[in-house]
Amino acid sequence: LFRTPNMERLAAHGIRFEQFYANSVCSPTRVTLMTGQTSARHRTTQWILSESNNAGKFGPKDWQWKGISRQHETLPAILREAGYRTMHAGKAHFGPNDSFGELPQNFGFDINIAGCSWGQPGSYYGADHFGHAKKKRQRRAVPGLEKYHGQEIYLTEALTLEMNAAIGQAVTDNKPFFAYMSHYAVHGPFETDPRFAAHYEGKDLSKRAIAFATMIEGIDKSLGDMLDHLDKLGVAENTLVFFLGDNGTDAPLGSTHEIACAAPLRGKKGTHYEGGLRGPFIAAWAKPNSKATAQKALPIRGGTLSRKVGRIYDLFPTILAITGLEHESKIDGIDLSPLLAGEKSRHPESFLMHFPHSHRSSYFTAYRQGDWKLIHH
C-alpha cells in the first residue's frame with residue numbers, strides 16, 4: 001500500500017532493525033531520546049496534555065507531566081557544548097505550556113522551527129495557516145511558519161524547506177550539525193497530502209486510510225529531499241542518518257485496536273502489544289563511500305537487516321559514542337554502534353516500558369527479555 005522509495009533507498013545504504021522499540025505513545029519516547037533514560041526513570045510516562053496540569057488526569061499524581069526539566073542532561077545540550085549547531089524542526093511535545101520543556105531552545109537547541117507543546121497540529125494546510133485560520137483549531141496551530149500562510153503547501157513540505165535551509169546555513173558557517181527532523185505527520189488529524197492523492201484513487205480504502213497513505217509518502221519525499229540536499233552541499237558522506245518513529249503505528253486500517261494494522265504484529269499505538277511498541281529504525285550514511293574518513297570509523301554495510309533488539313534509549317549513548325562525547329547523568333541505554341558496524345555484540349535482548357495510565361492498554365509495565373515478554377497490570 002505505502003510508497004516509500006526513499007526509505008528503501010536509505011535502507012539499501014545501511015542497516016534496518018526488525019525489532020526496534022519505542023514507547024507506546026509519543027512524549028515518553030521523545031524525552032527518552034533526549035535523555036537516554038527509560039520512561040520509568042525520567043517518569044514522563046504518558047503523552048503530555050499541553051494546556052493544563054496533567055497530574056492525576058490519567059494515572060498517578062507524581063508522574064513527570066512537565067516533561068523535560070532543568071535537571072535533565074539532554075543530547076542537544078551536550079552536542080551544542082561541543083560545537084555542534086543543534087536544530088529542531090516540527091513536532092516537539094516535550095512539555096506543556098509555560099514549562100521549561102515547552103520549547104526546544106530551552107534545553108539545547110540553537111534553532112527551533114515550528115516546535116511547541118502540542119503534538120497534534122491544528123491543520124496540515126498552509127491555506128488554513130496550519131490551524132491559525134480555523135477557530136476551533138487555533139490552540140493547536142503550528143507556530144513560526146507565517147511565511148507559508150495562505151499558500152497551497154503541506155506542512156511536511158514547509159518543514160523540509162526550513163530544515164534544509166538551516167542545514168545549508170550550518171554548512172556555509174562551517175559548523176557540524178545535529179538536525180532533529182520531527183514531522184508532525186503521521187499524527188492525526190489525518191488530512192490528505194494533495195501531492196500524492198492520485199496514487200490511491202480507486203483503492204478500496206477509507207478516506208482516513210488514503211489520507212494516512214499520502215502522509216507516509218510525504219515523509220518519504222521529505223527524506224529523499226534531505227538526502228539530495230546533503231549531497232548537493234557536499235556533506236552527505238560525512239552525515240549519519242537515523243530514521244525512526246516514536247511509537248507503534250496508528251494507521252486507520254481497522255475498526256479497533258485488536259485489529260492488526262501493524263501486521264504481523266498485534267495491536268497499534270497506545271497498546272502494550274508488539275504493534276504498539278515496535279517501530280521503524282534505519283541507520284545509514286547519507287551517501288555511502290568506504291573511503292570517507294567518518295565512514296571508516298563506523299562502517300555500515302548496506303542492505304543489512306538486523307534481528308537484534310534496539311531500544312529508543314540506546315540512541316543517546318550511540319550518538320555520543322560516535323561523536324566522542326561523554327555524559328554525566330545516569331542512563332539506561334547502551335551504544336548500538338558495534339551492531340551498526342556488523343560486529344558481534346552481546347547487546348541486551350530486553351526492553352522496559354512503564355505506563356501507569358489509562359489508554360488503549362491501561363496501567364501496565366511491559367518487559368521483554370529474549371523470546372519472553374511479561375505484561376504486569
Side-chain angles (χ1 to χ4, degrees), residues 20-35 37-68 91-97 99 101 117-121 139-140 182-190 208-209 212 215 244-263 265-280 311-313 332 351-368 373-377:
F20 189 84
Y21 285 89
N23 292 287
S24 64
V25 292
C26 51
S27 295
T29 291
R30 290 164 184 272
V31 176
T32 289
L33 185 59
M34 293 293 110
T35 64
Q37 299 176 344
T38 66
S39 58
R41 187 179 302 281
H42 61 61
R43 302 181 68 83
T44 298
T45 44
Q46 168 66 301
W47 61 271
I48 293 168
L49 191 63
S50 300
E51 293 184 307
S52 64
N53 185 322
N54 290 250
K57 183 172 178 63
F58 304 106
K61 293 183 178 180
D62 60 347
W63 72 286
Q64 178 55 21
W65 58 269
K66 289 189 176 181
I68 289 180
K91 174 175 173 172
H93 210 190
F94 295 110
N97 291 340
S99 72
S117 64
W118 283 97
Q120 180 181 19
R139 63 193 181 119
R140 293 190 280 105
S182 175
H183 285 294
Y184 281 95
V186 291
H187 199 289
F190 299 138
R208 295 174 77 241
F212 188 89
M215 295 167 86
L244 61 150
D246 64 352
N247 44 241
T249 182
D250 201 27
L253 299 176
S255 58
T256 74
H257 68 262
E258 293 294 333
I259 293 178
C261 61
L265 305 179
R266 184 182 182 184
K268 63 187 297 186
K269 173 184 176 179
T271 72
H272 50 41
Y273 301 116
E274 292 294 278
L277 304 178
R278 286 201 221 174
R311 298 88 55 89
I312 190 67
Y313 40 88
D332 299 292
F351 175 73
L352 174 72
M353 181 193 159
H354 184 52
F355 192 82
H357 306 275
S358 175
H359 201 25
R360 288 170 176 160
S361 292
S362 300
Y363 306 107
F364 68 89
T365 300
Y367 180 67
R368 172 178 171 170
K373 180 176 174 180
L374 173 70
I375 299 173
H376 174 68
H377 289 274

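Side chains of H354 and T365: a donor on one and an acceptor on the other come within 3.5 Å.
Evaluation of the side chain to side chain contact (heavy atoms under 4.5 Å, CB included) rule for S99 yields P96, E102 as partners, not counting sequence neighbours. Residues meeting the ring pair (Phe, Tyr, Trp, His ring centres under 6.0 Å) test with F364, sequence neighbours left out: H272, F355. With sequence neighbours left out, H359 forms a side-chain hydrogen bond (donor to acceptor under 3.5 Å, both in side chains) with no residue at all. With sequence neighbours left out, D332 forms a salt bridge (Lys or Arg N to Asp or Glu O under 4.0 Å) with R41. For E274, the side-chain hydrogen bond (donor to acceptor under 3.5 Å, both in side chains) criterion is met by Y21, R278, K373, not counting sequence neighbours. Residues passing the salt bridge (Lys or Arg N to Asp or Glu O under 4.0 Å) test with R208, sequence neighbours excluded: none. A search for side chain to side chain contact (heavy atoms under 4.5 Å, CB included) contacts involving N247 returns C26, K269, not counting sequence neighbours. Evaluation of the salt bridge (Lys or Arg N to Asp or Glu O under 4.0 Å) rule for R43 yields D62 as partners, not counting sequence neighbours. Legend: residues meeting salt bridge (Lys or Arg N to Asp or Glu O under 4.0 Å) with R140, ordered by chain and number and at least two apart, are absent. Contacts of Y184 classified as ring pair (Phe, Tyr, Trp, His ring centres under 6.0 Å), with partners at least two apart in sequence or in another chain: none. For L33, the side chain to side chain contact (heavy atoms under 4.5 Å, CB included) partners are Y180, I312, L315, not counting sequence neighbours. A185 pairs by the side chain to side chain contact (heavy atoms under 4.5 Å, CB included) definition with Y124, T156, M215, I219, not counting sequence neighbours.
Between H376 atom NE2 and L374 atom CG the span is 8.0 Å, to the nearest 0.5 Å. In this structure, CG in N97 is found 10.5 Å from CZ in R139, a value given to the nearest 0.5 Å.
Ring centroids of H357 and W47 are separated by 6.0 Å or more, keeping the two rings apart.
Stacking of R266 on the aromatic ring of Y273 is recorded, both the 6.0 Å distance cut-off and the 45° axial limit being met.
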